[in-house]
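Remember, it's 1-based here, ligands and their atoms both numbered in the order they're listed.
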Amino acid sequence: LTERGKRIPLDNSPLQIFVKAKKKINDIFGEIEEYVKDTVDYMHEVEKDGKIVNSDQVKNTEEYVGKVHSIRDVLQRDHMKVAFFGRTSNGKSSVINAMLRDKILPSGIGHTTNCFLQVEGSPSDEPYLVLEGSEEHCAVESVGQLAHALCKEKLNESSLVKVYWPKNRCLLLRDDVVFVDSPGVDVTPNLDEWIDKHCLDADVFVLVANAESTLMVTEKNFFHKVSTKLSKPNIFILNNRWDASASEPEFLDQVRKQHQERAVDFLVKELKVCTPREAEERIFFISAKEVLQARMSEGKPISVPLTEGFQTRYFEFQDFEKKFEECISKSAVRTKFEQHSQRGKYIANELRDILEGIYSDALKLKEEKLAERKELNDKINYTEQQLMVVTQEMKKKIHSMVEDVEQRVSKALSE
Ligand code: GTP
Ligand code: MG
């Protein structure tokens with residue numbers, strides 16, 4: 001535990017699948033960027049010669065620099081996104097707070113969530129929020145201040161307020177999980193707008209249901225709409241307020257069974273997003289309020305008496321968190337990085353083709369030059385031979401002329 005009573009980062013969390021994959025793919029794209037830049041520099045050198053590459057080819061290759069750069073930008077910002085939905089007061093904000101181990105989002109009476117709130121990690125030590133359409137960082141020290149800032153502004157229910165929370169205060173935020181809290185699905189006619197604006201890039205959805213009642217048509221409708229726009233969304237169902245069951249232990253098993261069957265039917269038969277076996281790993285009975293209280297008082301003496309069955313509900317919440325982390329991490333790697341790695345492969349192949357093209361053009365040019373040189377050499381050799389023949393003949397002629405003259409001279413002398 002740290003001084004503040006928080007868990008020390010453990011790197012065997014399932015979220016590390018995403019974190020490590022993100023680092024790896026970012027490194028690979030860093031190398032691809034170097035590779036593209038080297039290729040462009042090399043082509044500029046070769047272009048000077050004017051025989052192997054032309055300016056169009058160089059321009060085409062230069063375009064890859066920008067492309068790779070923008071992919072790197074997107075990759076650096078990639079995160080895992082989880083969105084929470086459910087009817088008003090079911091405990092959406094409380095579940096997020098329990099997972100973040102701190103009272104970050106306003107919840108409870110007078111703190112109804114009235115717009116979309118996104119909580120994400122920030123490298124700075126102080127929390128702040130940014131309203132939609134604004135760049136201004138508004139400092140927030142406490143939940144009270146955050147709630148006040150949200151009430152003060154006249155916000156549209158579909159608008160988004162981003163809360164930047166120091167990464168060093170929370171493991172999930174450090175590991176690139178972004179949380180989206182929403183107003184109750186029963187308070188808006190604009191579900192389509194919500195989905196288009198906030199849900200299309202979500203990796204996991206959490207339906208926070210109320211275990212004291214049953215799944216409502218409004219909640220079901222919302223997820224029917226989501227699953228028409230996204231193929232097989234990952235949905236978890238939390239039956240929150242399960243602590244209420246402690247007051248009626250005689251019905252506990254029966255009620256749980258009934259909720260469980262209905263939730264499985266909803267995921268498997270209605271939405272058709274998972275198999276019955278998978279559904280068993282997606283439905284949990286928890287109490288966000290208790291978990292939050294317990295986590296906030298870690299390291300301090302227990303102030304409120306624990307309700308019967310607290311430990312079981314707490315373990316079930318931890319189980320939910322584990323399954324959630326595995327699911328979001330794997331799903332985000334698949335959806336976020338698969339496309340980019342295809343794109344990276346494509347670019348690397350294109351560059352290899354370009355360089356191979358240059359190489360084979362250069363070879364052709366070399367062969368042409370060699371052929372030209374051979375022709376020239378042959379000509380020189382021929383001329384040399386001719387010259388030799390002529391020289392030999394001349395030598396012979398001169399020789400016989402000299403002999404002839406000598407003979408004549410000696411003959412004249414003897415006469
Ligand atoms: P809206 O933002 O208004 O849509 O509500 P919400 O879904 O965010 O619910 P919120 O987290 O604000 O919780 C509503 C009230 O329910 C608060 O007073 C919580 O303390 C309480 N609550 C949340 N979870 C539990 C729980 O597990 N058990 C009990 N008993 N109360 C809970
Ligand atoms: Mg709320």
### Exercise: identify the closest heavy-atom pair between N240 and N90
ND2-O, 2.8 Å
### Query
What heavy-atom pair brings C199 and F85 nearest, and what distance separates the two atoms?
SG-CZ, 3.4 Å
### Task
Please determine if A288 has a nitrogen or oxygen closer than 3.5 Å to a nitrogen or oxygen of ligand 1.
yes
### Message
Need the ligand 1 atom indices (1-based, order shown) with element for anything under 4.0 Å from a heavy-atom of G184.
### Response
4 (O)
### Query
Is there an N/O/S atom in S93 that lies less than 2.8 Å from the Mg ion (ligand 2)?
yes
### Task
Please say whether G108 places an N or O atom under 3.5 Å from an N or O atom belonging to ligand 1.
yes
### Nearest-option assignment for atom 32 (C) of ligand 1, heavy atoms, candidates R313, K289, E290
K289
### Ionic contact status for K37 with E62, cut-off 4.0 Å
no
### Query
Does ligand 1 have any atom sitting under 4.0 Å from a heavy atom of A244?
no
#### Entry: Any S89 heavy atom less than 4.0 Å to ligand 1
yes
#### Entry: Contact check: G91 vs ligand 1, nitrogen or oxygen atoms, below 3.5 angstrom
yes
### Summary
Closest to atom 11 (O) of ligand 1 among protein heavy atoms sits S94 OG, 2.5 Å
### Query
Does D243, backbone or side chain, put an N or O under 3.5 Å from an N or O of ligand 1?
yes
#### Entry: The one among R241, K92, Q293 that brings a heavy atom closest to atom 15 (C) of ligand 1
R241
### Message
I need the nearest protein heavy-atom contact for atom 3 (O) of ligand 1: residue, atom name and distance, please.
### Response
T112 CG2, 3.1 Å
### Task
Using the side chain to side chain contact (heavy atoms under 4.5 Å, CB included) rule, pick out the option among F205, F285, F266 that qualifies with I237.
F266
### Query
Is it true that the NZ or CZ of K379 lies under 6.0 Å from the centre of Y382's six-membered ring and within 45 degrees of the ring axis?
no
### Message
Within 2.8 Å of the Mg ion (ligand 2), is there any N, O or S atom belonging to S89?
### Response
no
### Message
Under a 3.5 Å threshold, yes or no: a donor from one side chain and an acceptor from the other, between N54 and E47?
### Response
no
### Message
For atom 24 (N) of ligand 1, what is the closest protein heavy atom, and at what distance to 0.1 Å?
### Response
N240 ND2, 3.1 Å
### T88, portion touching ligand 1 at heavy-atom distance under 4.0 Å
both
### Query
Looking only at atom types and distance, does a side-chain atom of S70 sit under 3.5 Å from a main-chain N or O of G66, one as donor and one as acceptor?
yes
## Note on the structure
Heavy atoms of V95 and F317 approach each other most closely as O-CZ, 4.2 Å
### Message
Check for me whether the distance between the ring centres of F18 and F337 falls short of 6.0 Å.
### Response
yes
